[in-house]
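Everything below concerns the one structure shown next.
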Amino acid sequence: TGHNRFILFNENHIAFGLSERCALHQKLFIELFPGTEPGFHDIDVRVRTEPGQSNHILRKFQNLDGFAHIECENLVIHPFYKKYECAYLPNEQFERNVERYGILAKTAKETGVRICLENMFVTHNGRRYKGVCNNPMEAAQYVDALNEQAGEKCFGFCFDVGHSVFAGYDPREFFAYMGDRITCTHLHDNNGVEDLHFAPFTGVVDWDRLGEGMRLTGYKGPLNFETIGAMEDMPEELQQVNLQYIADCGRLLSARVEA
């Protein structure tokens, strides 16, 4: 269908055991989608970096062979930014990010592993505000500049619908502006105040508008449910039921996109 690939959890730090982790995801996929072939060539892995360590950490990822081996098409690396109180000026933030992501351009081209930026937020006095790449015009500028510098499309974008809530952007309009620059997603819900990573339809995200945006742009990438918050404090007896609900949400969203 183009949307029959789901990953229900996304590790924050991938440093070892990639094949073993994928085997566990595959087992869970088969349990939730019986009779469907797992499509783990569309998985994405998130890597967190701190501003002071970013160049050092990125150089460790210059060899992407391990990700290519498990057919990982999208490697999501958060853009670099500072805290609210000491944030970069926009031009400085853009230049630093383009320089740092550029470290990975050569190996991305060689391995076919696409490097993806993500829309972020910053926190101040208990509130969440728009962060780097959390408006579509800025996000498009980042992706286009990196691909132009690389000489081909080896950079993409991961749209995090939960993070977009904090910036006040309509997910439909985000997709409409970004188009095929969006190559993967992080899907979860929240209350508009905290980054809760709840299951779909349990918070304030407008899932109808998200589906419209995906349909308008012909999105065929993975539906990656980053819903760890939905499992916290969940009784073990209900965990499978909860996972099945999230899987059903994926089927519903897929059907709406393809309608």
Side-chain angles (χ1 to χ4, degrees), residues 10 13-14 41-83 86-122 130-160 163-164 167 169 173-186 213 217-222 224:
N10 205 17
H13 303 275
I14 302 296
H41 56 283
D42 275 338
I43 71 171
D44 65 303
V45 179
R46 183 175 62 182
V47 179
R48 290 188 183 276
T49 58
E50 298 298 329
Q53 300 177 306
S54 56
N55 284 10
H56 172 67
I57 293 174
L58 282 183
R59 287 192 178 94
K60 288 188 175 182
F61 279 91
Q62 280 185 290
N63 185 344
L64 300 177
D65 289 344
F67 297 102
H69 176 72
I70 61 170
E71 299 181 312
C72 170
E73 288 190 0
N74 298 296
L75 176 62
V76 182
I77 300 180
H78 288 179
F80 312 110
Y81 59 95
K82 291 184 177 180
K83 294 180 180 179
C86 54
Y88 292 123
L89 293 174
N91 286 345
E92 181 184 10
Q93 183 164 263
F94 176 81
E95 291 170 2
R96 285 177 178 269
N97 272 288
V98 170
E99 175 190 357
R100 289 168 176 170
Y101 279 104
I103 293 171
L104 297 176
K106 181 175 181 292
T107 188
K109 288 191 284 188
E110 291 172 349
T111 60
V113 177
R114 185 185 298 110
I115 309 299
C116 297
L117 292 77
E118 181 179 341
N119 51 313
M120 303 304 297
F121 65 89
V122 293
K130 179 183 75 66
V132 60
C133 286
N134 215 346
N135 80 63
M137 291 73 73
E138 178 187 27
Q141 181 187 15
Y142 273 72
V143 175
D144 291 347
L146 285 164
N147 283 330
E148 182 178 357
Q149 179 177 279
E152 61 182 83
K153 290 186 177 180
C154 55
F155 291 90
F157 195 80
C158 173
F159 177 67
D160 189 306
H163 292 177
S164 72
Y169 278 98
E173 298 308 314
F174 211 110
F175 262 87
Y177 192 92
M178 289 289 287
D180 64 2
R181 298 179 185 89
I182 297 178
T183 56
C184 56
T185 56
H186 284 170
T217 57
Y219 178 73
K220 296 295 182 184
N224 183 350

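Keep in mind that the numbers below use all heavy atoms, side chains included, and drop hydrogens, waters and symmetry copies. Count residues from 1 along the sequence.
One distance of note links CZ of Phe94 with CD of Glu138; it measures 9.0 Å at 0.5 Å rounding. Of the inter-residue distances, the one linking Thr185 atom OG1 with Glu118 atom CD reads 10.0 Å to the nearest 0.5 angstrom. For the atom pair OG1 of Thr217 and CD1 of Ile182, the computed distance is 6.5 Å after rounding to the nearest 0.5 Å. Rounded to the nearest 0.5 Å, atoms SG (Cys184) and CZ (Phe157) are 9.0 Å apart. Rounding to the nearest 0.5 Å gives a distance of 8.5 Å between CG of Asn147 and CD of Glu152. The structure places CG of Leu104 at 7.5 Å from CG of Leu75, a figure rounded to the nearest 0.5 Å.
The backbone N or O of Phe121 sits nowhere less than 3.5 Å from a side-chain atom of His163 that would complete a donor-acceptor pair. When atom types are taken as modelled, the side chain of Arg96 and the backbone of Gln93 share no donor-acceptor pair closer than 3.5 angstrom.
Aromatic rings of Tyr101 and Tyr142 (six-membered ring for Trp) have centroids beyond the 6.0 Å cut-off, not under it.
Counting heavy atoms of neighbouring residues, nucleotides and ligands inside a 6.0 Å radius, atom NZ of Lys109 exceeds 12 of them. Around CD of Glu110, the count of heavy atoms belonging to other residues, nucleotides or ligands within 6.0 Å exceeds 12. Counted within 6.0 Å of NZ on Lys130, heavy atoms from surrounding residues, nucleotides or ligands total more than 12; the atom is thus considered enclosed.
Seen from the ring of Phe80, Arg100 counts as a face-on cation partner, given the 6.0 Å and 45° thresholds.
Considering all non-hydrogen atoms of both residues, Ala140 and Met178 come closest at N-SD, 3.5 Å. Contact between Asn119 and Cys158 at its shortest, heavy atoms only, is OD1-O, 3.3 Å. Annotation for Ala150 and Phe155: closest pair CB-CE1, 4.2 Å, computed over non-hydrogen atoms. Counting all heavy atoms, side chain and backbone alike, Met120 lies closest to Asn134 at O-ND2, 2.7 Å.
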